[in-house]
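Single-structure report; data block below.
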Amino acid sequence: SMVNHLISLLDYLQLNKVFVIGHDWGTNTASRFALHHPERTLGLVLISVDYVPPAMFDLDQVLTYTKARCGFEILGYWKFFNSTDAAKIIENNLESFIDITYANNRTLTVTDFVPLGKLRQWLVNRKRTDRASYITQNDYKIIHEYLADGMQPKLNWYKAAIDNIDWEDEKNLDPVIRRPVLLI
């Protein structure tokens, strides 16, 4: 439905063909735009996340695989984000969440953010760390306000992916993108 909204916007603006650009979670929408409407797509630019063809997503399988290959579950934090109390825990511990998300010590990502159970433990224990120097006071204020506005809608992206809500719309798509693609 998000792709259809974009098509409606292009129709309204009388734009026939466009370069579609997606960043992070937006790469899925951008790539689906190219799959559903190649005739409206000049090219595709994906930033930070590469193309993932339509497929059923199995979080437990990914966790098992990454634990075996990397020694920790790269998407372990997804389990926490999918829990019923995650939004409340994050909202009640915003400073800890911002600290770990923008930690000056990036090894904390591997030790205290992504492995299964570690982010919940960090937040519940109200742990703190120095934030990265590139986060200004104004950046912090903006991030804090954005997160304080409510976490559940933000976490719903994870729930949707885990629940494979797009599978019925995607299962019969030709997975080959037939337009030029740039991955950054």
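Atoms considered below: every heavy atom in the structure, side chains included; atoms not considered: hydrogens, waters and symmetry mates.
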Over all atoms of both residues, closest heavy-atom pair of Gly76 and Leu63: N-CD2, 3.5 Å

Heavy-atom neighbours of Tyr51 OH exceed 12 at 6.0 Å: yes

Candidate pair Ile7 and Phe33, rule side chain to side chain contact (heavy atoms under 4.5 Å, CB included), full reasoning: CA-CA 9 Å; Ile7 291 295; Phe33 185 104; 3.6 Å; yes

Side-chain heavy atoms of Lys141 within contact of Gln137, under 4.5 Å: no

Pro54 to Pro175 - nearest heavy-atom pair and separation: CD-CB, 4.0 Å

Step-by-step side-chain hydrogen bond (donor to acceptor under 3.5 Å, both in side chains) determination, Asp99 to Ser96: CA-CA 5 Å; Asp99 283 358; Ser96 293; 5.5 Å; no

Interatomic distance, Asn82 atom CG to Leu75 atom CG [nearest 0.5 angstrom]: 12.0 Å

Same cluster (ILVMFWY, side-chain, under 4.5 Å), Leu15 and Ile21: no

Trp167 CH2: over 12 foreign heavy atoms closer than 6.0 Å: yes

Contact summary for Ile98 and Leu147, nearest pair of heavy atoms: CG1-CD1, 3.7 Å

Leu116 backbone acceptor or donor facing Glu73 side chain under 3.5 Å: yes

Within 6.0 angstrom of Arg106 CZ, more than 12 heavy atoms from elsewhere: yes

Point-to-point distance, once rounded to the nearest 0.5 Å, from CG of Leu123 to CG of Asp112: 10.5 Å

Over 12 foreign heavy atoms within 6.0 Å of OH, Tyr140: yes

Residue among Gln152, Lys154, Lys159 satisfying side-chain hydrogen bond (donor to acceptor under 3.5 Å, both in side chains) with Asn156: Gln152

Full working for side chain to side chain contact (heavy atoms under 4.5 Å, CB included) between Asn28 and Asp166: CA-CA 11 Å; Asn28 191 58; Asp166 293 325; 4.1 Å; yes

Geometric class of the Trp25/Trp157 ring pair [parallel <30°, tilted 30-60°, perpendicular >60°]: tilted

Check: Lys127 side chain, Ile100 main-chain N or O, donor-acceptor pair, under 3.5 Å: no

Asn104 versus Ser133, closest heavy-atom pair with distance: OD1-N, 4.1 Å

Spacing of OG1 belonging to Thr41 relative to CZ belonging to Arg179, to within rounding of 0.5 Å: 6.5 Å

Gap separating the OG1 atom of Thr101 from the CG atom of Leu119, nearest 0.5 angstrom: 7.0 Å

Minimum-distance pair of heavy atoms, taken over all atoms of Gly22 and Thr27: O-CG2, 3.3 Å

Test side chain to side chain contact (heavy atoms under 4.5 Å, CB included) applied to Thr111 and Phe72, step by step: CA-CA 9 Å; Thr111 60; Phe72 60 94; over 6 Å; no

Shared hydrophobic cluster for Val3 and Val18 (ILVMFWY, side-chain gaps under 4.5 Å): yes

Donor-acceptor under 3.5 Å (Asp174 side chain, Val176 main chain): yes

Donor-acceptor pair, side chain of Arg131 and main chain of Ala103, under 3.5 angstrom: no

Hydrophobic cluster identity match, Ile142 and Ile90, side-chain contacts under 4.5 Å: no

Glu95 side chain vs Arg128 backbone, donor-acceptor pair below 3.5 Å: no

Test side chain to side chain contact (heavy atoms under 4.5 Å, CB included) applied to Gln121 - qualifying residues, sequence neighbours left out: Lys118, Asn125

Glu39, CD: over 12 other non-hydrogen atoms inside 6.0 angstrom: yes

Which atom of Leu173 lies closest to which atom of Asp169, heavy atoms considered: CG-O, 4.2 Å

Centroid-centroid distance, Phe80 to Trp122, less than 6.0 Å: no

Interatomic spacing from CG in Leu183 to CG in Asp50 - rounded to 0.5 Å: 6.0 Å

Glu170 and Asn164: CA distance, side-chain angles, deciding distance, side chain to side chain contact (heavy atoms under 4.5 Å, CB included) verdict: CA-CA 10 Å; Glu170 296 183 351; Asn164 290 289; over 6 Å; no

Transitive ILVMFWY side-chain link Leu155 to Ile165, under 4.5 Å: no

Joint cluster assignment, Ile143 & Tyr134, ILVMFWY side-chain distance < 4.5 Å: yes

Side-chain touch Asn105/Asp130, heavy atoms, less than 4.5 angstrom: no

Side chain proximity check, Ile177 to Ser31, heavy atoms < 4.5 angstrom: yes

Tyr77 and Phe113 aromatic ring geometry - parallel, tilted or perpendicular at 30°/60° bounds: tilted

Neighbour count above 12 (heavy atom, 6.0 Å) for Phe57 CZ: yes

From Glu91 atom CD to Asp149 atom CG, the distance as rounded to the nearest 0.5 Å: 9.0 Å

Donor-acceptor pair between Ser83 and Asp85 side chains, under 3.5 angstrom: yes

